[in-house]
Amino acid sequence: MPNPFDKKYKFQQIEEKWKKFWEREKLFSFNSNSRKPLFSVDTPPPYVSADHLHVGHIMSYAQAEFIVRYKRMRGFNVFYPMGFDDNGLPTERFVEKKYKLDKSKIKRSDFIKICLKETQKGAQNYKKLWCNLGISVDWNKTYSTISPLATKVSQWSIIDLYKKGFLYRKKSPILWCPFCKTAIAQADLEDKTVKSKMNYIRFKIKDKKVTIATTRPELLPACVALYVNPKDKRYLDLVGKKVQVPLFKNWVPVKTSPEVVMEKGTGIMMVCTWGDQEDLAKWKTDKLETKALLGKDGRLNKLGGKYQGLKIETARREIIADLKKSKALIKQEEIEHSLNVHERCGTPVELIQSKQWFIKIAGLKKKWFEYGKKINWYPAEMEKNYRLWVDSLKWDWCVSRQRYYGTPFPLWYCAKCKTPIFAREKDLPVNPTEDKPPLKKCPHCGHDKFEPETDVLETWATSSCTPFLIKELAGKKEIKEKIFPVSLRPNAFEIIRTWDFYSIVKSHYHFGKPPFKNVMVSGHGQDEQGRKISKRLNNYVPSDRLLNDWGADAIRYWATGASLGQNLRFNSKEIKKGRRTTTKLWNVGRFLAINSEDYNFKAGKTPQGLEHADFWIIKELNLTIEKVTEAFESYDYAKAKNELDAFFWSKFADYYIELVKYRLNGKAGRSKTASQFTLFNVFLAILKMYAPLLPFITEEIYQDLFKKIERVKSIHLSSWPEKIKVKSALNTKDFQKAIDAIDEIRKYKTSQGISLGSELAEYSLKTKINLAKYKKLVKNAIKVKKLL
RNA sequence: GGGCAGUUAGCUCAGCUGGUUAGAGCGUCUGCUUGACGUGCAGAAGGUCAUAGGUCCGAGUCCUAUACUGCCCACCA
């Protein structure tokens, strides 16, 4: 507290104190009986498997929290739960890596146990970080994505989608990760630039020969056609004929397509089942033969002949060697191109044929665009990001994963006719490998044996349910309905295409409503050089050390540095500035404490005798309240901070306080009381506006100076400042002249090496001011005995 | 190749719907130990606002190209 004897602001102790106070008093608990308007937040559940917490995590959660604290002070009943994502592939891979486990050698149930143990640890780490950072969530309202509640909700979602006809199972070409050995979705893909050998291979046709170029000669046994452009004069005579594939000797037709680019390669496109999206497109439209070559293990099957059982890369090497021997390989050159890889492991993705569950999303672009428009995006450009993704959709959403750890599909198959039997809603959550199906006999064939579905739901199939999952945490039924659609969805830009999009999809199918009203999209925290923070680069300071070294307020201050959607470099200078700001607030608090004698502060009562300086700072304050409020309303905490800083430092601290010191040090009376009134009220408003950004220091000062007046438990439960109403004809421009005059004398003193504290005997002003009005003020504020 | 964003002082960035001498913080230099604050205060230096055109009485701000940077999407012939 601003004890005049305690000169330094000890942030560690003070932040610890208020953190405990907030927890003990349950300050941020959701009140389901409140009549205030509701503001619900669907916070991204972080992957608990992240064991390296850094400024990036701090930045994105702090930015959303600025808005939440602001809304709370604006009188909203805030519903702010926290989730932890301990579901799915990332967790599995984390555990595999950490314990160096081979899943084929460990029991499924044992593996899951380890996953659960690890994720609990992770959740604790996060909770500690969020508490230390002052993230004001209601810790009684938490969920984990593997919990019974989350499982129940996501299983319900699957069943509902099936009933409504948007979920289907189909054998079709799918994206497959040979490393993780699971199906994946389009959204799981990432680009990676690689160097490959472009191989020019000779195909035989009777007595003639054709050359095609490919980077994937191992797919030769799966070759089903060659395509040329119909306008390509070089190959006119080939069209309609059959050519023979080297080594494998199978004959394939030569077809035409205007999409074939004559300049690419040799102008001939080899279509296999399936090398890439183009192959797949041709296979679909022209109903080409199916020669599925690759197995789920990423090896060639028997179609590969003597290469059967080889991994893709090995087969490629050997086939190239054999092509060389048989003189079918005529040229090789290195090229750089990019591949689709699985974002979780970096393995190039393959297309294989498999039976999977899909949710219908392709072909509904118009619908998804409409939803994009219904939602407010902050910043607004982010809607384009969403549109771009929707526009690139090619596949339905594959939601089944051939993994261990995740939400089970709530279904069984008839052992005889394979009819799927879904769980009943009242039995949820279910685990089909342990639980029994709800029927004794198959309704289709009457058979009485069933097999459980062992696939699990992909991560996003669960996460996309959070908007209607969190309402289950709210309690009363009436409140639940008000929570959805949620008010705010904060997230980083890279999960627009997954979390945001899939939530929209599900919300549309289940409820015909958007899942959230507002999205605020944050950028990334980066290192000093603007690089992504990563464990590999080792370019970060762990978050607990950061908080320990600088304090939460200072780091939160840094986090205000980037506008929404912008990346922000880690910058210790900005953190220092944050610490300076807390120190300054602390010192102003001390100054007020020292100068509170003879003053009986009563809120709302404007005393007589306000002077020019008082009117001026009140006018400036009112303007600042307006600007800061407007900025927060549009989620622009960066602008709010800039406005606040400018007012607090350059107007209030640098000038107003200097202008009234002589009155405070003078005799008790109207002038002194008026300056105290102004000082206290303006500072209270400043504290309140800083409170969402710097919750600890503002709480400290509030508790000491203002709690007894406002009688509110905490600044964070107090109301947002309102303009101070005063009647004044003060001309701000005119007053500014008086400030210019003070500046002029300051400059003079500095240039003469005179201390600002010592009194000048006489000074003749160049700045033209209204001396009659401001002479006394200027003389006293800058200490000049005689002013001309 | 397509899209989006950016390019303003040595560094990190503000500059809303175009309007007098372009701003802040940090850094640098100079001075001041003022009765809240040396984790401070005051002052100074420092920019042809990426480049080239254009619209306009007037452009950092609008338009068109170009270059570079970052991100997203497509690209395995």
Side-chain angles (χ1 to χ4, degrees), chain A residues 2 4 7-9 189-191 193-194 196 198-201 212-216 219 226-229 259-272 275-279 335 337-340 348-349 379 381-382 384-385 387-389 391-392 394 493-494 496-497 523-524 526 528 530 532 554 561-563 565-569 571-574 576-577 579-595 627 630 636 638-639 642-643 645-646 649-650 653-654 657-658 661-662 664-665 743 746-759 782-783:
Chain A
K7 281 203 152 192
K8 283 207 169 160
Y9 177 56
L189 299 179
E190 201 174 67
D191 298 337
T193 304
V194 294
S196 296
M198 175 83 101
N199 304 283
Y200 289 83
I201 297 164
I212 65 118
T214 178
T215 57
R216 302 204 59 183
L219 292 178
L226 298 186
Y227 276 81
V228 298
N229 191 302
E259 284 157 30
V260 175
V261 182
M262 291 186 254
E263 292 76 29
K264 257 190 181 176
T266 60
I268 303 179
M269 180 170 102
M270 174 171 91
V271 173
C272 310
D276 62 10
Q277 304 279 346
E278 277 301 325
D279 288 0
I335 57 154
H337 60 143
S338 78
L339 292 183
N340 278 329
V349 163
E381 312 89 76
M382 286 297 167
K384 287 180 200 156
N385 209 317
R387 291 183 69 90
L388 202 70
W389 172 249
D391 208 34
S392 75
K394 285 189 180 130
F493 58 81
E494 79 273 12
I496 291 175
R497 68 181 190 172
H524 283 176
Q526 301 174 325
E528 286 100 314
K532 195 177 167 179
S563 297
Q566 303 266 336
N567 293 333
L568 180 60
R569 294 186 187 188
N571 183 345
S572 59
K573 302 261 170 62
E574 274 302 302
K576 273 184 194 160
K577 202 181 147 195
R579 200 157 75 177
R580 250 170 25 94
T581 305
T582 58
T583 305
K584 190 78 174 177
L585 284 163
W586 165 261
N587 281 312
V588 172
R590 281 179 59 211
F591 179 77
L592 262 69
I594 292 165
N595 287 292
K627 284 181 182 166
E630 204 181 289
D636 195 348
K639 194 176 176 192
N642 287 338
E643 292 294 344
D645 274 358
W649 285 92
S650 314
D654 292 354
I657 289 182
E658 296 305 321
K661 273 182 181 168
Y662 75 93
L664 295 167
N665 291 325
D743 274 342
R746 264 186 194 162
K747 278 183 201 172
Y748 173 77
K749 282 188 172 180
T750 304
S751 69
Q752 299 298 310
I754 302 167
S755 122
L756 290 173
S758 61
E759 193 175 55
I782 192 69
K783 292 182 182 159

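No hydrogens, no waters, no symmetry mates; every other heavy atom, side chains included, goes into these values. Lettering follows sequence order; numbering is per chain, from 1.
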Touch class at under 4.0 angstrom, heavy-atom based, for Arg580(A) against every strand present = sugar-phosphate
Restricting to nitrogen or oxygen on both sides, can you table the protein-nucleotides 16-20 of chain B pairs closer than 3.5 Å?
none

By nearest-heavy-atom nucleotide on RNA chain B, the more 5' of Ile268(A) and Leu189(A) is Leu189(A)
Those residues at least two apart in sequence (or on a different chain) that pass side chain to side chain contact (heavy atoms under 4.5 Å, CB included) with Arg387(A) are Phe369(A), Lys373(A), Glu383(A)
From CZ of Arg590(A) across to P of C37(B) the rounded distance in Å is 6 Å
Side-chain contact check for Phe493(A): nearest option of A36(B), C76(B), C71(B) is C71(B)
Atom CD of Gln526(A) and atom C1' of C71(B) are separated, to the nearest Å, by 10 Å
Would you tell me if any nitrogen or oxygen in the side chain of Lys661(A) comes within less than 4.0 Å of OP1 or OP2 on A36(B)?
-> yes
Is the Phe493(A) ring parallel, tilted or perpendicular to the His524(A) ring (thresholds 30°, 60°)? parallel
Close N/O contacts between protein and nucleotides 4-7 of chain B (under 3.5 Å):
none

query = Can you find a donor-acceptor pair, distance only, under 3.5 Å between Lys584(A) side chain and C37(B) base?
reply = yes
With the criterion being N/O to N/O and under 3.5 Å, what pairs connect the protein with nucleotides 29-32 of chain B, and how long is each?
none

Met382(A) atom CE is separated from C72(B) atom P, nearest whole Å, by 12 Å
Applying salt bridge (Lys or Arg N to Asp or Glu O under 4.0 Å) to Glu278(A) and not counting sequence neighbours gives none
The side-chain hydrogen bond (donor to acceptor under 3.5 Å, both in side chains) partners of Tyr200(A) (sequence neighbours excluded) come to Glu333(A)
